[in-house]
Amino acid sequence: MDPAAAKRPASTSSTHAGGPELFGKTDDLALRDMSDNDAVAETSDEMNQDRMKHAAAQGNAHFHRLGWKRLAVVTIVEAIALGALSLPKAYSILGMFLGVFLTIGLGFIAIFTSYLVGQVKLAYPDVSHYADAGRLLFGRVGYEVFGAALVLELMMVVGSHALTGSIALQNISGSGICSIAFSCISAIILLILAIPPSFTEVAILGYIDFASIAAAVAITIIATGVQAADAPGGLPAVAWSAWPKSNVSFSEAFVAVSNIIFAFSFAIGQFSFMDEMHTPNDYMKSIWASGVVQIVIYTLTGALCYAFIGPDVQSPALLSAGPLISKIAFGVALPVIFISGSINSTVALRYLHGRLWKTSIKQYINTPSGWAAWIGLLTAFTIIAWIFAEAIPIFNDLLSLASALFVSGFSFWIPAIMWFLLLCKGKWFARENLLMSVGSIVSFIIGAVTLVAGTYATIVDINMITSKGTAHRPFTCRTP
């Protein structure tokens, strides 16, 4: 006989033996069901919490994979763009001696201020963006002002890259298609390339970016050198000068100086980059590698292109290489235009996204809702940047004004203040602090002069453009 069958009659007879026992059993069953339901609910909550913890752990690990070599690539990508080929024009205004001197000198000052930024990050690990540093210095007001300045500057830089991409695509195609169509295409490319939220993935694109700018610079230098050698009189006939050009105005000269200063603007994203490092103490290896590479590229590009082309060099210099070579150089430079532009979106959005979803699992961007939030924010940011670039008649001058106001601080005078308020221990003039204090004072002066003089020079240029009526109309086709 089936043992289960043998047990069933006995169980049934005991159930029917009396009413009270029946109701008692029923109550027990009900209580047991309630307990089971509570246990299931509790288990479900625990499982959900475990999943959230696992997702958070995975997300946290995902955003701490950046090594110093990739950090060097990321800082190079952020700093070096097609603007490197605008330096020969700056050299033609300032002269070869002053151009080379300022490029090398300002490059090492930028390395020094990046050292200070890194020391603040090590001393205050919770600082994830420049806005957090603003809070340390000036409280909530500093946090809001630094955050707004960071987003506005990076948004305008992204818009500038959309316009640069439009110019490049027009030049390459040689078609009569309206520039707005090309700037839309450029904005879409910038959006797609900024989708990866981690700088570790961005660094992979950075290798392509670096190869792109190196190739574009090499093509421009070689082509202009060959053209100069083949011209009547050869290289000795090129009319370059070691000294500033005659009758140069203050505003024109300082715009040229500003182009060199803004070329070393990699400190603006340094807090964000270092926040992803698995070994933050290695950051100076990255800064030295990146800084030296930038100094070498900028100096060679500015000096050689100016020496080969002379005072008639255009900005960017690849436009002086002739129609065919400029098309080739623009084609090779397309990756640097878009990759360097997209990383600015990533820096701005990591701050905005982290601020909006600071206490949510969305901050790790490894869930469907997290990805939806990231891509939605990225789309809105890119559209606004594109509208700024196309709608503002004096956008390039406005970008120069924003750079004079903000980049001068992020890269020079704010790190100097950080030394005195956050890092310096003891008297600033004490023997152990004197060298750092002197370097910080020099950095502060450079930043303050850039802030005042750069703002003045840009306003003068804006007045000249508006008085002459040469500003373009919003959302109109432009010539390359």
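- For the atom pair Thr458 OG1 and Asn463 CG, the distance stands at 11.0 Å (nearest 0.5 Å).
- Using a distance-only test at 3.5 Å, with no hydrogens or angles considered, no donor-acceptor pair links the side chain of Thr299 to the main chain of Val296.
- When atom types are taken as modelled, the side chain of Ser160 and the backbone of Met156 share no donor-acceptor pair closer than 3.5 angstrom.
- Paired with Gln270 under the rule side chain to side chain contact (heavy atoms under 4.5 Å, CB included), one option of Ile287, Thr75, Val74 passes, and it is Ile287.
- Between the side chain of Thr346 and the backbone N or O of Ser342 there is at least one donor-acceptor pair closer than 3.5 Å.
- Residue Phe210 forms a side chain to side chain contact (heavy atoms under 4.5 Å, CB included) with just one option from Val77, Val336, Val293, and that option is Val293.
- Distance check: Ile180 CD1 to Ser186 OG gives 12.5 Å after rounding to the nearest 0.5 Å.
- Side-chain atoms of Ser320 never come within 3.5 Å of backbone atoms of Val313 as a donor-acceptor pair (strictly under, hydrogens ignored).
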Side chain to side chain contact (heavy atoms under 4.5 Å, CB included) evaluation trace for Ile387 with Phe475: CA-CA 9 Å; Ile387 291 174; Phe475 298 105; 4.3 Å; yes
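- In this structure, the side chain of His129 does not engage the main chain of Ser272 through any donor-acceptor pair within 3.5 Å.
- The aromatic rings of His353 and Trp357 are tilted relative to each other, their planes meeting at an angle between 30° and 60°.
- Looking only at distances, no side-chain donor or acceptor of Trp68 sits under 3.5 Å from a matching main-chain atom of Tyr283.
- Taken from CG in Leu193 to CG in Leu378, the straight-line distance is 10.0 Å, to the nearest 0.5 Å.
- Considering only residues two or more places apart in sequence or on other chains, Phe199 meets the ring pair (Phe, Tyr, Trp, His ring centres under 6.0 Å) condition with Phe273.
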Begin from the C-alpha positions of Phe264 and Ile109 and carry the test side chain to side chain contact (heavy atoms under 4.5 Å, CB included) through to its verdict. CA-CA 9 Å; Phe264 296 103; Ile109 291 293; over 6 Å; no
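- At distances below 3.5 Å, not a single donor-acceptor pair connects side-chain atoms of Tyr91 with backbone N or O atoms of Gly302.
- Residues satisfying the disulfide (SG to SG under 2.5 Å) criterion with Cys184, sequence neighbours excluded, are absent altogether.
- Heavy atoms of other residues, nucleotides or ligands lying less than 6.0 angstrom from CZ of Phe250 number more than 12.
- Checked by atom type and distance alone, the side chain of Lys121 pairs as donor or acceptor with a backbone atom of Val127 at under 3.5 Å.
- Between the CG atom in Asn433 and the NZ atom in Lys427 there is a gap of 11.5 Å [rounded to 0.5 Å].
- Here CG of Leu318 is found 10.5 Å from OG of Ser86. Values are rounded to the nearest 0.5 Å.
- Taking the six-membered ring where tryptophan is involved, the planes of Phe410 and Phe406 are tilted, since the angle between them lies from 30° to 60°.
- With hydrogens and angles disregarded, no donor-acceptor distance shorter than 3.5 Å links the side chain of Asp461 to the backbone of Ala457.
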Apply the test side chain to side chain contact (heavy atoms under 4.5 Å, CB included) to residues Ile76 and Ile297: give CA-CA distance (whole Å), side-chain angles for both, the deciding distance (0.1 Å), then the verdict. CA-CA 11 Å; Ile76 290 172; Ile297 289 178; 5.9 Å; no
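- One finds no salt bridge joining Arg70 and Glu276 here, because no Lys/Arg side-chain nitrogen approaches an Asp/Glu carboxylate oxygen to under 4.0 Å.
- Here the closest heavy-atom approach between residue Gly67 and residue Met277 is recorded as C-CE, 4.4 Å.
- Taking a 6.0 Å sphere around OH of Tyr115, one finds it holds 12 or fewer heavy atoms contributed by other residues, nucleotides or ligands.
- Under the 3.5 Å distance criterion, the side-chain polar atoms of Ser411 are left unmatched by any main-chain donor or acceptor of Ser408.
- Residues Ser166 and Ser179 approach most closely at OG-O, 3.0 Å, considering heavy atoms.
- The distance from the CG atom of Leu191 to the OG1 atom of Thr379 is 4.5 Å, given to the nearest 0.5 Å.
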Quick one: do Val255 and Ser400 satisfy side chain to side chain contact (heavy atoms under 4.5 Å, CB included)? Show the steps, please. CA-CA 9 Å; Val255 166; Ser400 298; over 6 Å; no
